[in-house]
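Here's the structure, in structure tokens; my notes come after.
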Amino acid sequence: MTDAGQEHALAVDGLHKEYPMPGGGRLTAADAVSFTVPAGGSLGIVGESGSGKTTVARMLVGLVRPDAGAVRVAGRLRETRTPRGASARLARAREIQMVFQDPYVSLDPRLTSRQCLTTALRLHGRDDSLADGLLDRVGLGARESGARPHGMSGGQRQRLAIARALAVDPKVLVLDEAVAALDVSIQAQILRLLGEIRRDTGVALVFVSHDLAVVRHITDEVLVMRRGIVVEQGPTDGVLAAPDHPYTRRLLASVPRPGWDPAAVVGA
Amino acid sequence: MTAPTLAPVGGPRSRQPLGVRVAGGFLVLVVLAAVLAPFVAPYAPDAIDLSASLVGTSGDHLLGTDSSGQDLLSRVLYGARTSLIAPVLLLGLAALLGVTLGTLAAWRGGWVDTLVSRITDVMYAFPGLLFTVLIIAVFGAGMTTSVLALGLAYTPTVAKYTRSVALAECRKPYIDAYRVQGMGGARICALHLVPNLGRSVVGYLVVLFGEALMSLATLSYLGFGAQPPSSDWGLMVQEGQAAVVQGALLPALVPGVAIALVVVSFNVVGVRAADRLGSGR
Ligand SMILES: Nc1ncnc2c1ncn2[C@@H]1O[C@H](COP(=O)(O)OP(=O)(O)OP(=O)(O)O)[C@@H](O)[C@H]1O
Ligand SMILES: [Mg+2]
């Protein structure tokens, strides 16, 4: 923890978000959430529904403005407001990118895969030809390159969403339930792909999931959230093998798919 | 178990209902008539022949003539041109303004949305025809003024509709994805949000088409729109009125029926199109 900031791809300090509740009063969706992720590292955020995982993820990328707290990428503080100027906005985008939960609605229905990528590439002044490499990188072929989202499977769409995030060449990639909408076997493929990408590009991953089995095999560290509060955090293996907090133990006991062991597939 | 259930009607689902096909076929004919009027019309639309005033259907004049002896078939064929082009222009103007305002309101929210919504509400509450006649009173009668005035009168409707579909579209994560990519709001709206509204908005405009045609015909009938010697259908009905007193029905009936058939056809096709385009994909 010495010389913090520089070695961390992502350093989050005291993120806090409250929402007004319909009946009056305020709901704390995230309270004093702090963590760091080293370059090439991978952190999981787990918790039951409504625990504030999405809120944290959206605060990281800047889709939700935190009430308090700071997000630093490679030591640089991110403004909580979206910057006005184009170049500042683009520089900010190159820090953190996001993959959304449902690839059926997170892709522009009008654009083919290749157009989806060239739109992102051009925006960032990069060459169109990089699109082919990106498609290849995520395992999409010539047919998918010219296909629109409705002509692709869920897994293919999520591969494209990952490629779109990589087109910006971010330092940090936030994935909010990125495999939750997919079949189990497709989940394993996507997780393996993410593992490869992390190894090859050194991008840091923040993997939001309610599925502990998924988190176990893609993350080094894990953070357990409950009602906006981080109840436990530490190395994934340690936390999942010997949870300190009773809430984590309950989460572990209710792993949704006991029969599935992604280790067999991902570790292959 | 007690009530007998009707078996669903079989047959290929891609086939359009008979009514839609008939209406669509008729509209194709009308468009062809408008395009080919110079070739299929037996006379010039403004060829006056006082010796053949108010003749009924005959070999020379299939649909008869009006009091000036102008051939009604030729006039109604040429009239299809103004009757179709003017609503297109009018709705084009309403779409340009309405889509811009509606998108702006949905995207910016807050006071921009409040302002746009208030303006559209006020214009909504104001009778469209009254508003139009007011504008015409200021800028003078004529087809151009009518198209501009009705274009403005239809803007709130289009803005309101666009706002509602844009609000739903804005909530889709692909819009968030563009934001996360670092794309500016104006660019997201112009290049990605509005094009994705296109289908729904076009469907809505098709439904409005019949109404727009009717409004224009009404203005011409009242003398605010097309001016003689135009063969605009609304104007023809008005000119034919005097002949009704003299016992000749055709001069008012022919353009009147033309308006009614085209408006009904557009409504039949439009509702179908709105269903298909709005709920598409
Ligand atoms: N825009 C908002 N306005 C009001 N309340 C919100 C808003 N977004 C989230 N919340 C509330 O904040 C809490 C945390 O929501 P969040 O979406 O972050 O949970 P989550 O852990 O991602 O849940 P899930 O697993 O269901 O996706 C919830 O109680 C939610 O109702
Ligand atoms: Mg969530």
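Note that this is a predicted model, so its numbers are computed, not measured. Sequence lines set the chain letters: A, B, ... in the order given, protein chains first and strands last, and positions in each chain run from 1. Values reported hereafter were calculated over all heavy atoms of this structure, with side chains retained and with hydrogens, waters and symmetry mates removed.
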Heavy-atom cut-off 4.5 Å, strictly under: side chain, backbone, both or neither for [X] against chain B?
| X | result |
| --- | --- |
| A:V168 | side chain |
| A:L63 | side chain |
| A:I96 | backbone |
| A:R94 | neither |

Contact winner vs chain B - A:M98, A:R92, A:Q97, heavy-atom pairs under 4.5 Å: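 So the answer, after comparing A:M98, A:R92, A:Q97, is A:Q97.
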Distance-only donor-acceptor check, side chains A:Q115 and A:R110, under 3.5 Å: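 The criterion, which ignores hydrogens and geometry beyond distance, is not satisfied for A:R110 and A:Q115.
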Residues B:E169 and B:Y174: side-chain donor-acceptor under 3.5 angstrom: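 Looking only at side-chain atoms, B:Y174 and B:E169 do form a donor-acceptor pair, the distance falling under 3.5 Å.
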Identified side chain to side chain contact (heavy atoms under 4.5 Å, CB included) counterpart of B:L101 within the set B:T155, B:I119, B:V112, B:L115: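 That would be B:T155; it is the only one of B:T155, B:I119, B:V112, B:L115 passing the side chain to side chain contact (heavy atoms under 4.5 Å, CB included) with B:L101.
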Face-on cation placement of B:R118 at B:W111 ring, 6.0 Å and 45° thresholds: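 Output no; distance or angle outside limits.
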Residue pair A:K171, A:E95: steps toward the salt bridge (Lys or Arg N to Asp or Glu O under 4.0 Å) verdict: CA-CA 5 Å; A:K171 295 193 175 61; A:E95 292 173 349; over 6 Å; no
Part of B:L191 within contact of chain A (heavy atom distance under 4.5 Å):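 Contact with chain A involves the backbone of B:L191 alone.
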